[in-house]
A.B. asks: 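Got a structure for you, questions after.
Numbers here simply count residues along the sequence, with the first being 1.
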Amino acid sequence: MTTIVIISTVVVAAVGCFIGLFLGFAATKFEVEVDPKETAVLEALPGNNCGGCGFPGCSGLAAAIAKGEAPVNQCPVGGEPVAAVISEIMGVSAEEAVKMVAHVHCAGDCEKAKDQYNYHGIEDCAMVANVPGGGPKACTYGCLGFGNCVKSCQFDAIHIVNGVAVVDKEACKACGKCAETCPRHLIDMIPYKQKWFVECKSQLKGKPQMEACEIGCIGCKKCEKECKFDAIHVENNVAKIDYEKCKNCGMCAKVCPRGIILKRA
């Protein structure tokens, strides 16, 4: 009996040693060499893994930067400070990036937007958008106000205020998660310095729009005719600003009969 125990112990130990040696050999043989720059870049990134850069997490972006497939200022969360560190690692100059923030194009709050019925159910924008009539609001293009964007934000930068999502531009990192979750596609990434916005994306025409919301754009084109910089045009019955051309003069807002072009601090 003792002999059997000893033999079993020796066999198990031998098998363990063999497996250990095999794994050690395999680890050495198939080891993937990592560029030291990639490691340094990854350490410099904030580690939020939000995907706002367009890559699958910080490790994906670090690999792309190390290979020269992405600019050193690609991380929207880290901004200029992180870009400066990464530029030193890569030995290149960091181009000055335009700071972006998320913005919700809807001003149809509880007072201004009309309701077509009272909704009692699961408070989820994606689900409510598919119920009869596209939700309780008469405007089928407006913010539903159930906060899917709020839940998706890692930075506590967006909240529901009086039935409409509002972005805190100082807290926003422009990761784009809120825009991805909005079923109405009301959230865009816009330049931080932009001051004037068309707070509507409704494609409803004149009378139906006025019946649905007290402030919604009716596509009258007065703003388009007033702009001296060709920076605003009506497309699909709603005005849209070209932020690259806009000079933030506010002249379009002065002629808007609906008061839907608003200035945000």
A.B. asks: If you look only at pairs with a residue in residues 137-159, which of them pass as a ring-ring contact (aromatic ring centres under 6.0 Å, His included), with sequence neighbours excluded?
C.D. replies: Tyr119-Phe146
A.B. asks: Quick check against the 3.5 Å criterion: does Gln116 have a side-chain atom that pairs as donor or acceptor with the backbone of Gly133?
C.D. replies: yes
A.B. asks: Count I, L, V, M, F, W, Y as connected when their side-chain heavy atoms are under 4.5 Å apart, and connections chain through other members. Are Ile89 and Ile65 then in the same cluster?
C.D. replies: yes
A.B. asks: Using a strict cut-off of less than 4.0 Å between a Lys/Arg side-chain nitrogen and an Asp/Glu carboxylate oxygen, indicate whether Asp188 and Lys201 qualify as a salt bridge.
C.D. replies: yes
A.B. asks: Rounded to the nearest 0.5 Å, how far apart are SG of Cys227 and CD1 of Ile232?
C.D. replies: 7.0 Å
A.B. asks: Heavy atoms only: give me the nearest Pro76-Cys175 pair and the separation to one decimal.
C.D. replies: CG-CA, 4.4 Å
A.B. asks: Under 3.5 Å, side chain of Arg258 to main-chain N/O of Gly216, donor-acceptor pair present?
C.D. replies: yes
A.B. asks: To the nearest 0.5 Å, how far apart are CD1 in Ile218 and OG in Ser202?
C.D. replies: 11.5 Å
A.B. asks: Given the rule that I, L, V, M, F, W and Y join up when any side-chain heavy atoms are under 4.5 Å apart, are Leu186 and Val198 in one cluster?
C.D. replies: no
A.B. asks: On a heavy-atom basis, which atom in Cys217 and which in Ala239 lie closest, and how many Å separate them?
C.D. replies: SG-N, 3.4 Å
A.B. asks: So do the side chains of Cys220 and Pro257 get within less than 4.5 Å of each other, counting heavy atoms only?
C.D. replies: yes
A.B. asks: How far apart are the C-alpha atoms of Glu199 and Arg264, what are their side-chain angles, what is the distance that settles it, and do they pass the side chain to side chain contact (heavy atoms under 4.5 Å, CB included) test?
C.D. replies: CA-CA 10 Å; Glu199 301 288 45; Arg264 301 298 188 190; 2.7 Å; yes
A.B. asks: Do Asn73 and Glu80 get their side chains close enough for a donor-acceptor pair, meaning under 3.5 Å?
C.D. replies: no
A.B. asks: Any donor-acceptor pair under 3.5 Å linking the side chain of Glu38 with the backbone of Ala66?
C.D. replies: no
A.B. asks: Using a 3.5 Å cut-off and no angle test, enumerate the donor-acceptor pairs between side-chain atoms of residues 49-60 and protein atoms at least two apart in sequence or in another chain.
C.D. replies:
unit_1: Asn49; atom_1: OD1; unit_2: Cys58; atom_2: N; d: 2.8

A.B. asks: Is it the case that over 12 heavy atoms from other parts of the model lie below 6.0 angstrom from the CD atom of Glu123?
C.D. replies: no
A.B. asks: State the NZ-CD distance between Lys169 and Gln194, to the nearest 0.5 angstrom.
C.D. replies: 9.0 Å
A.B. asks: If hydrophobic clusters are built by linking Ile, Leu, Val, Met, Phe, Trp and Tyr wherever their side-chain heavy atoms come under 4.5 Å apart, do Ile187 and Trp196 end up in the same one?
C.D. replies: no
A.B. asks: Between Asp124 and Ala126, what is the shortest heavy-atom contact and its length?
C.D. replies: OD1-N, 3.1 Å
A.B. asks: Using side chain to side chain contact (heavy atoms under 4.5 Å, CB included), reason through His103 and Val167 one step at a time and then give a plain yes or no.
C.D. replies: CA-CA 6 Å; His103 187 83; Val167 175; 5.7 Å; no
A.B. asks: Tell me if the NZ atom of Lys114 is crowded by more than 12 foreign heavy atoms within 6.0 Å.
C.D. replies: yes
A.B. asks: Do Cys125 and Pro183 make a side-chain contact, defined as non-hydrogen atoms from C-beta onward lying under 4.5 Å apart?
C.D. replies: yes
A.B. asks: In terms of relative ring orientation, are Phe197 and His105 parallel, tilted or perpendicular, with 30° and 60° separating the classes?
C.D. replies: perpendicular
A.B. asks: Taking Asn148 for the side chain and Thr181 for the main chain, is one N or O donor matched with an acceptor at less than 3.5 Å?
C.D. replies: no
A.B. asks: Surrounding NZ of Lys222 (heavy atoms of other residues, nucleotides or ligands, distance under 6.0 Å), is the total greater than 12?
C.D. replies: no
A.B. asks: Of all the heavy-atom pairs spanning Leu45 and Cys75, show the shortest one and how long it is.
C.D. replies: CD2-CB, 3.9 Å
A.B. asks: Does Ile158 share a hydrophobic cluster with Ile190, counting links as ILVMFWY side-chain heavy atoms below 4.5 Å and allowing steps through other members?
C.D. replies: no
A.B. asks: Return yes when atom CE of Met127 has more than 12 non-hydrogen atoms of other residues, nucleotides or ligands closer than 6.0 Å, and no otherwise.
C.D. replies: no
A.B. asks: Where do Asn162 and Asp109 come nearest, in terms of heavy atoms and distance?
C.D. replies: O-CB, 3.2 Å
A.B. asks: Within a 6.0 Å radius of atom NZ on Lys151, are there more than 12 heavy atoms belonging to other residues, nucleotides or ligands?
C.D. replies: yes
A.B. asks: Please report the C-alpha distance between Lys137 and Asp115 in whole Å, then the side-chain angles of each, then the deciding distance to 0.1 Å, and finally whether the side chain to side chain contact (heavy atoms under 4.5 Å, CB included) criterion is met.
C.D. replies: CA-CA 4 Å; Lys137 284 187 175 181; Asp115 289 331; 3.9 Å; yes
A.B. asks: Is the backbone of Gly135 close enough, under 3.5 Å, to the side chain of Tyr117 for a donor and an acceptor to pair up by distance?
C.D. replies: yes
A.B. asks: Would you find more than 12 non-hydrogen atoms of other residues, nucleotides or ligands less than 6.0 Å from Glu170 atom CD?
C.D. replies: yes
A.B. asks: Quick one: SG on Cys252 to CD1 on Ile260, what's the gap to the nearest 0.5 Å?
C.D. replies: 12.0 Å
A.B. asks: Judged by atom type as modelled, is there a donor-acceptor pair below 3.5 Å linking the side chain of Asn237 to the main-chain atoms of Gln203?
C.D. replies: yes
A.B. asks: Return the minimal non-hydrogen interatomic distance between Val128 and Pro136, and the atom names on each side.
C.D. replies: CG1-CD, 3.7 Å
A.B. asks: Taking the side chain as everything from C-beta on, heavy atoms only, tell me whether Lys245 gets closer than 4.5 Å to Asp230.
C.D. replies: yes
A.B. asks: What is the distance from atom NE2 of His233 to atom SG of Cys223, rounded to the nearest 0.5 Å?
C.D. replies: 9.5 Å
A.B. asks: What is the distance from atom CD1 of Ile160 to atom SG of Cys143, rounded to the nearest 0.5 Å?
C.D. replies: 5.0 Å
A.B. asks: Examine Leu144 and Val150 and state if one hydrophobic cluster contains both, with Ile, Leu, Val, Met, Phe, Trp and Tyr joined whenever side-chain heavy atoms are less than 4.5 Å apart.
C.D. replies: no
